Every structure is written in C-alpha cells, then in structure tokens.
Asks: 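Sharing a structure here in structure tokens format.
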Amino acid sequence: MKRFIKKIAVMTSGGDSPGMNAAIRAVVRSCAYYKLECAGIYRGYQGMIEGDIVPMSARDVHHIIQKGGTVLKSARSKEFRTVEGRKKAHEALKKFNIDALVVIGGDGSFTGGMIFSEEFDFPVIGIPGTIDNDIFGTDYTLGYDTALNTAVEVIDKIRDTASSHNRLFFVEVMGRDSGFIALNSGIGAGAEEILIPEEDMGLDRLLDSLEKSRRSGKSSSLVVVAEGDKTGSNVFDLANYVETNLPQYDVRVSVLGHMQRGGAPSCFDRVLASRMGVKAVELLIDGETNKMVGVQNNEIVAVDLENAVKEHHKISAEMLRISDIMSV
Ligand code: F6P
C-alpha cells in the first residue's frame with residue numbers, strides 16, 4: 001500500500017565517512033525539489049531518542065558538499081538496542097510529524113533501522129556510508145574512494161623514506177573486518193605484500209615471500225596490512241616476528257588510523273552521494289521501505305536492507321590475483 005509521505009528525516013549513524021555531508025545535502029535538496037518537508041536528526045539513533053531534531057531546508061545545506069565528517073554528527077546508541085529506547089525514538093518522530101527516515105551509515109545502523117521499521121511499521125531507507133566498503137549490494141560505499149586516495153597518498157610518502165633507508169615498512173590501514181582498503185590501496189601504492197582478513201597468508205609464506213623479494217634485489221619493501229588481518233596478533237607483533245626471523249631487514253611500522261576517515265570527499269564520493277540521496281527520497285515517495293540504495297555496474301539500485309545486512313561483500317579473486325602478479 002502506497003503511503004502519503006509529507007516529511008522525511010535524515011541522519012548519519014555509526015563511524016563517519018567522507019561523503020556523508022554530500023548525502024545529507026542530496027536528501028534535503030531532493031525533499032525541497034519534491035515539495036516535501038525535511039528534518040535532520042543529530043547524533044544518529046541517540047539524537048532520535050532525545051528528540052534532537054531540526055527542520056532542514058535547501059539553504060541549510062549549502063557549502064557542505066565538499067566537507068568531510070558529518071554536520072549532523074554521528075554516534076552509536078546502546079539505548080536504541082532496547083525496545084524502550086526505540087519506543088522513545090518513535091515517540092520523538094511522531095512529535096516532529098516525521099513519516100519516513102533515511103539512515104546514512106553501515107550495517108549496524110541498517111540493522112537498527114530494520115528492527116525499528118518492522119516494530120513501528122515505519123518506512124526506512126538506508127544509504128551505505130562507511131570507508132570500509134563492506135556492505136553487500138553495492139559496489140561502492142560512500143567514503144571508500146576518498147579513504148583509498150588518502151591511504152595511497154600517505155603510503156607513497158612512506159615509500160619515499162622506506163627507499164632512502166632500505167627499510168621494510170608495515171603500514172596498517174583501516175578495515176576491522178574487511179580488506180577492501182588494504183587490497184586496493186596496496187595495489188595502488190605498489191605494495192610488495194597485502195594482508196587482509198579474508199585471506200590468511202600465514203607467517204611462513206610471508207617470510208618466504210619477503211626473503212624472495214630481498215634476494216631479487218628489492219632494497220625496500222612495503223607490506224600493507226588491514227586492521228583486521230589475522231596473520232599476526234597485531235601489526236607490531238607481526239613486524240617483530242619478521243624482524244626476528246629476517247634480521248637483514250630494518251623494519252618500521254606505521255598505523256594510518258582515523259586520518260582515513262576524514263578529509264574532503266573525492267569527486268567520486270560527492271557524485272555517488274548525490275545520486276544515492278535522490279534515489280532514497282524517490283524510493284520513499286514510491287512507497288518503498290526497508291531498502292538500501294546501492295550502485296551496481298554504475299546503475300543506482302534498491303537492495304533489500306535484510307540482504308545488505310546478512311550477506312557479505314566479497315573481495316574479488318581477480319584483485320587478489322592482480323596483487324600477486326604485481327608483487328613478483
Ligand atoms: O569506519 C569503519 C572503521 O573505520 C573500521 O575499519 C574501524 O575498525 C572502525 O571504523 C573504528 O571506528 P571507531 O574508532 O569509531 O570505533
């Protein structure tokens with residue numbers, strides 16, 4: 001049954017990512033275009049529970065497309081995991097006459113949105129915003145492209161000093177459960193080895209391969225390690241292990257950390273955010289709920305939120321093959 005939507009709220013939730021502001025802008029401007037009211041919810045589900053909600057018009061989102069972070073702030077809410085918390089949140093939405101919700105975030109945020117939607121028969125659409133690119137149903141999440149470019153820029157700099165001192169560097173990039181950033185920034189920066197949670201290379205193979213590289217005449221080397229990789233217990237232990245077993249190497253570690261989550265979004269992320277924001281509002285107008293907007297083969301699509309949450313975005317075997325060939 002098609003609902004009559006008059007007012008849509010938008011929020012950002014979970015870990016922030018570059019492009020979230022561009023997506024907020026796109027939702028707000030699409031509402032203005034279709035003559036709908038729009039509201040912004042601060043601090044994700046926690047702000048929803050507390051009624052931290054403001055009206056947003058097309059002019060309120062000027063000059064934010066280029067900004068990193070999120071003007072609506074982000075948070076993780078324990079209270080929203082409880083029925084009481086979600087009831088309070090629903091009351092707040094009713095008080096502000098909100099008929100539908102757009103959640104920009106990752107799978108945790110989508111799970112919350114789905115439960116809320118089912119409990120209160122409330123329309124929810126998700127926009128994937130996370131640098132990890134670990135959401136099923138979309139080729140790219142918002143912020144991933146920017147984070148990749150940040151990582152590559154920094155790894156290039158590390159390469160300069162690694163090469164001056166003939167050193168082996170372990171560079172840890174983000175990706176608690178997924179290796180997209182590591183694999184793609186590693187290929188982009190010409191890393192000798194790339195370690196990701198999806199593929200356990202094993203310590204012996206790593207030592208073998210580094211020893212081969214040294215013998216083949218490479219004077220410096222870079223190993224890009226995803227935060228969630230299981231080859232060592234952490235990147236520092238891994239580096240110690242390698243230095244102990246291959247004493248010819250002078251080893252250093254660099255952890256890139258949260259710098260990967262900040263900064264101005266790339267043009268790719270801005271355009272993707274704009275396309276996704278428009279689609280989210282149009283889905284709600286068409287009476288859809290419990291969908292995530294995704295991009296597949298450069299087409300904007302709607303995917304069931306349930307699938308987006310349950311399934312895994314798999315690393316492509318072809319990319320692993322390319323990285324192997326490149327590190328010869
Ligand atoms: O945004 C995703 C992510 O970057 C993960 O790769 C990382 O483990 C996590 O966020 C850290 O987030 P926080 O410091 O906000 O807990």
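Atoms within a ligand are numbered from 1 in the order they appear, just like the ligands themselves. Note that this is a predicted model, so its numbers are computed, not measured.
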Asks: Treating Asp99 as the side-chain partner and Lys6 as the backbone partner, does any N or O pair qualify as donor plus acceptor under 3.5 Å?
Replies: yes
Asks: Should the ring pair Phe116 and Phe120 be called parallel, tilted or perpendicular, given that the plane angle runs from 0 to 90° and is split at 30 and 60?
Replies: tilted
Asks: For atom 14 (O) of ligand 1, what is the nearest protein heavy atom, given as residue, atom name and distance?
Replies: His258 NE2, 2.7 Å
Asks: Short list, please: which atoms of ligand 1 are under 4.0 Å from a heavy atom of Gly175?
Replies: 6 (O)
Asks: Given Met174, Glu227, Arg261, Gln260, identify the one with the heavy atom nearest to atom 12 (O) of ligand 1.
Replies: Arg261
Asks: State whether the shortest distance between N or O atoms of Gly15 and N or O atoms of ligand 1 falls below 3.5 angstrom.
Replies: no
Asks: Hey, are Ser266 and Asp145 close enough side-chain-wise for a donor-acceptor pair under 3.5 Å?
Replies: yes
Asks: Just by distance, with hydrogens left out, do Asp269 and Thr146 show a side-chain donor and acceptor under 3.5 Å apart?
Replies: yes
Asks: Please list, in number order, the atoms of ligand 1 under 4.0 Å from a heavy atom of Arg76.
Replies: 12 (O), 13 (P), 15 (O), 16 (O)
Asks: What is the nearest protein non-hydrogen atom to atom 2 (C) of ligand 1, stated with its residue, atom name and distance?
Replies: Asp132 OD2, 3.1 Å
Asks: Under 3.5 Å, side chain of Gln296 to main-chain N/O of Gly137, donor-acceptor pair present?
Replies: yes
